[in-house]
Amino acid sequence: MGNAYSENAPFLHRQAVFASRLNYKYFQGGLSEGRKLEFDKLNEPVIWVRDSKDLITLIKMFQQDDACMIDYLSSLTAYDNKDKVDGPKRFVVVYNLFSTTTHVRVRLKLAVDDGEAAPTITHIWPAANWLEREVWDMFGIKFDGHPNLRRIMMDERFTGHPLRKEYPIKQREPFADNIPFHLGAQPLPKSEK
Amino acid sequence: MDNKQPLADFYNPNVLINLGPAHPAMHGTLRVMCRINGEVIEDASCEIGYLHRAIEKLAEEKTYHQWMVYTDRLNYCSALINNIAYAMTVENVMGIKITDRCMWVRMIMMELSRIIDHLVCLAANILDAGAMTCFWLLFRWREEVYTMIESACGMRLTTTYARIGGMSYDIPEDFIPRLKKFCQEFPKALDEVDALLTGNRIWIDRTRGVGVLSRADAIAYGVTGPVARASGLDIDLRRDRPYYAYDKVKFDVAVGSNGDTYDRYLVRMEEMRQSTLILKQCIEKLPAGPIWVEDSRVKIPEKMDVYTKMEVLIHHFKIFMEGIDVPAGETFTCVEGGNGELGFYLVSRGGPKAWRMHVKSPSLMQFQAYEKMIKGDKIADAVATLGSVNIIAGELDR
């Protein structure tokens, strides 16, 4: 087995320290209930969180934890779990977190059902704004508390969510005209004072 | 919420102005809606999706090899970085460690690619600000790099050079002498541009304090790469999370302090110099040996054997008709792309097609921060800022 990372790079050590910290700090006794710790092919930790509340708690804890000092949202995405390999729920929302100081990565996973909403993390990282909009657009997962949950890639009149497995790849929906002039969350300019 | 109210009211202090999506200064299909007061942008909102081609959906429909060509079309200014990052992702899931020579060849290609990415960005940015000479000075070298890349893989813009487990071809014989010549002469062109611009009053007035992104905002908005480094965020995945042999080469990470367009220009100029240094070290250390990993799951057989041996022919067909079998597993592999952290999040459930392939594109994060960067600036500054953050629509919309 091998991977692309340079051997003996200092971050690998910190990543290992963080992994052992996870075991005794975040998965001790009652804490581990509903949580699940896995390691991916690069030996980076993947944590299945209990529920929406647990997700926010964990992110806040990782921000404080000096073994990781997570401060950066690397990506936020989701995948369709239609074949039920990863539990009974339909979708999995994936948060790839990174630290600009310790260079440790951690991945959080939240399983949500069709119609169930995930919590927004735009108040923690404004970067999540567009990423959550993209997940809503592509998978139809709603984010509670999102300031401006509109479609981002597709036209606002589009029907369906293209990255769901049942969406046919060649199904298209052309629109002859453009959407009206507007300014994001505020569709109209401020009224004249 | 009446969207149909006419905006022809000339005396309205809040006029909406639309930049893009089809405007030569917008570098691709980017659209920004600005609410302006006089010439100052008070509020801005970006709209994306004009170049959405469902690349992530296609990844679930195509085999791993077939999808390689789509990675070229993400960031088409540095297609090689995309190719290699994607190949690296699949190799990580399969647990393949590529050969030493392949590793160094890939590093050469990634650095060349980074140089042309920065060249395009700077040349276009400078051209937008009205300086034609620097554009020609820089694009001459972009042409030279493209010719070198063409000699290695037969294509210029959309290269499709990498393969899972190796490269489609080894570099040709005259590549290294050519690269040596490039490493000697290219910094001189940078010096020339440096002399023309860095102390130039017009350029400084045009760019300093324009499109400022603070360090805190760079972290909050998830911005990486040269833009984040210009804001004083000292982060470079080549140094911090070294992949391949980046820990065996010496280079400095250029970090700015003000986070404005001028600092982004300086950071990019310095990064090209550092990339040239890395290239020089790569030339010295490039080992001989095979370019393909000895792994029958992925190795594409020699053409000569395909034509003469039955088993090899069958194997060849199996690789291309059925695809390679990638075991179940997942990885989020990131490299330092021309624009910042370029990542592929691959979820495999086994078989020849990906279950989910997500592309973490640096451009998306930068364009989101762009809304904030241009607030309070003039309309003309918005164009200068856009050029300096180098948003590539193909990567932005995927």
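Every value quoted in this text rests on a predicted model; they were computed, and no experiment measured them. Reminder, nothing fancy here: chain letters follow the sequence lines and each chain counts from 1. Values reported hereafter were calculated over all heavy atoms of this structure, with side chains retained and with hydrogens, waters and symmetry mates removed.
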Side chain to side chain, [X] and [Y], heavy atoms closer than 4.5 Å:
X	Y	result
A:Tyr72	B:Glu341	yes
B:Arg239	A:Phe11	no
A:Leu131	B:Leu364	yes

Given that the side chain runs from C-beta out, which part of [X] has a heavy atom under 4.5 Å from chain A: side chain, backbone, both or neither?
X	value
B:Tyr345	side chain
B:Leu51	neither
B:Glu56	both
B:Thr224	both
B:Val335	neither
B:Glu61	side chain
B:Ala220	both
B:Ile235	side chain
B:Ala328	backbone
B:Leu233	side chain

message: Check whether B:Trp355 forms a cation-pi arrangement with A:Lys82 (NZ or CZ under 6.0 Å from the six-membered ring centre, at most 45° off the ring normal).
response: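 Ring-cation test returns no.
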
query: Are B:Arg241 and A:Tyr5 in a cation-pi setup, meaning NZ or CZ lies under 6.0 angstrom from the ring centre and within 45 degrees of the ring axis?
result: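 Yes, B:Arg241 sits over the ring of A:Tyr5.
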
Presence of salt bridge, [Y] and [X], under 4.0 angstrom:
X	Y	value
A:Asp80	B:Arg356	no
A:Glu134	B:Arg398	yes
B:Glu330	A:Lys109	yes

query: Of the backbone (N, CA, C, O) and the side chain (C-beta and beyond), which part of A:Glu38 lies under 4.5 Å from a heavy atom of chain B, both, or neither?
result: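 When you check distances to chain B, no heavy atom of A:Glu38 falls under 4.5 Å.
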
message: For A:Arg105, which atoms come within 4.5 Å of any heavy atom of chain B: side chain, backbone, both, or neither?
response: both

Spacing of A:Ser75 atom OG and B:Met365 atom CE [to the nearest 0.5 Å]: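 Taking OG in A:Ser75 and CE in B:Met365, the distance rounds to 7.0 Å.
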
- prompt: Does the B:Lys360 side chain pair with the main chain of A:Ser74, one donor and one acceptor, at a distance under 3.5 Å?
  reply: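 Between the backbone of A:Ser74 and the side chain of B:Lys360 there is a qualifying donor-acceptor contact (under 3.5 Å).
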
message: Check whether B:Lys57 reaches the backbone of A:Pro162 with its side chain - one donor and one acceptor, N or O, closer than 3.5 Å.
response: yes

- prompt: Pairs in or reaching into residues 8-19 of chain A: which pass salt bridge (charged side-chain N to carboxylate O under 4.0 Å, His left out), with residues at least two apart or in two chains?
  reply: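 Of all non-adjacent pairs touching residues 8-19 of chain A, none passes salt bridge (charged side-chain N to carboxylate O under 4.0 Å, His left out).
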
- prompt: Looking only at heavy atoms, which two atoms of B:Arg349 and A:Tyr79 are closest? And how far apart?
  reply: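 Minimum heavy-atom separation between B:Arg349 and A:Tyr79: NH2-CE1, 3.3 Å.
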
message: If you compare all heavy atoms of B:Val93 against all heavy atoms of A:Lys41, which two are closest, and at what distance to 0.1 Å?
response: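 Smallest interatomic distance, heavy atoms only, reads O-CD, 3.5 Å.
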
- line: So the ring pair (Phe, Tyr, Trp, His ring centres under 6.0 Å) pairs with at least one residue in residues 143-170 of chain A (sequence neighbours excluded) are A:Trp136-A:His161

Among the listed options A:Asp83, A:Leu12, A:Leu76, the residue most often paired with chain B at heavy-atom distances under 4.5 Å: A:Asp83

- request: Select, from B:Pro242, B:Cys334, B:Gly329, the one with the greatest count of heavy-atom pairs under 4.5 Å involving chain A.
  value: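 Among B:Pro242, B:Cys334, B:Gly329, the one with the most close pairs to chain A is B:Pro242.
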
